[in-house]
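Contents: one structure, followed by commentary.
These numbers were taken from a predicted model, which means no experiment stands behind them. We use all heavy atoms of the structure for the numbers below, so side chains are in, but hydrogens, waters and symmetry mates are not. Just follow the structure's listing: the first ligand is 1, and inside any ligand the first atom is 1.
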Amino acid sequence: MRIDILTTFPELFSTTSPAVLGVSIPARAIKANILSVHATDIRAFTHDKHSKTDDRPFGGGPGMVMMCQPVWDAVLAAEAQDQRPATRILLTPQGTPLTQKIVEDLATKPRLLMLAGHYEGIDERVIEALDPIEISIGDYVLSGGELAALVLIDAITRLLPGATGDQLSPQQDSFGNVTIPPQSNKHQPTTQRLLDCPHYTKPRDWQGREVPPVLLSGDHTKIAAWRLQQRMQRTFVRRPDLLDE
Ligand code: SAM
């Protein structure tokens, strides 16, 4: 997969410094050629002698608005660097709230282009012309779209084939699609997005708190049943909104 980011802060997407993309799974995916990340500096496309990418809003009011022309030219220049068509994404608090389902869908695309806004945002006319998918990472306002783009890149990367050692783990994590066995012969298996179960490691006893005995039993059928039961219980208590009727 190729990911392009359109930003006025390309240094935040360095793949060589030990920042977000230079460590852990993203760094390994980039090294293994599973992922490539290319940051395009919108400032390089301004016609302004001071490299201005923003101006005051029509109608008055506080803040600045990113101008159409540098954003448009930067997007077209980034897209021309690769023949694969890019799925355009605008990071915005007004977008569809990000879910694991959206992450899974985006992880199947050959190429993504992420547009990070700043200040009051981007002139609406260039958003209309680019017609991107609009994604929010939550109901709060960041000062810029770069952190939101990095969140999205990280969540997508761990789903790319070969990016993590254990291909099963994304399904076992929270929001993974779990197959729930039927309760009787009359029922069919169902799939359900569940939170993860609790995890434990050495020592067996820590400050008088013991590991649940079933996890030490060596009985893998019982362990799998306990984990599924914990996942269902946690989801029911913490996130009942995830449960289908
Ligand atoms: N005036 C805009 C509004 O209220 O909708 C907020 C602009 S915000 C200060 C600047 C930029 O940060 C946005 O253009 C967007 O790219 C990014 N941003 C802020 N909050 C975000 C969120 N929750 N999800 C994704 N991007 C966000």
Thinking salt bridges, do K101 and D105 make one under a 4.0 Å N-O criterion?
-> yes
Contacts under 3.5 angstrom, residues 127-134 side chains, donor-acceptor by atom type, not counting sequence neighbours:
none

Residues D173 and R158 bridged, charged N to O under 4.0 Å | yes
With sequence neighbours excluded, tell me which residues meet ring pair (Phe, Tyr, Trp, His ring centres under 6.0 Å) with Y200.
-> none
Between ligand 1 and the protein, tabulate every N or O atom pair separated by less than 3.5 Å, reporting distance only.
unit_1	atom_1	unit_2	atom_2	d
ligand 1	1 (N)	E120	O	2.8
ligand 1	1 (N)	E120	OE1	3.4
ligand 1	5 (O)	Q94	NE2	2.7
ligand 1	12 (O)	G145	N	3.4
ligand 1	16 (O)	L91	O	2.6
ligand 1	16 (O)	G117	N	2.9
ligand 1	20 (N)	L142	N	3.0
ligand 1	23 (N)	G138	O	3.0
ligand 1	23 (N)	Y140	O	2.8
ligand 1	24 (N)	I137	N	3.1
ligand 1	26 (N)	T92	N	3.3

Side chain to side chain contact (heavy atoms under 4.5 Å, CB included) partners of L242, counting only residues at least two apart | F175, L195, T235, R239
Does L194 offer a backbone N or O that forms a donor-acceptor pair with the side chain of R234 under 3.5 Å?
-> no
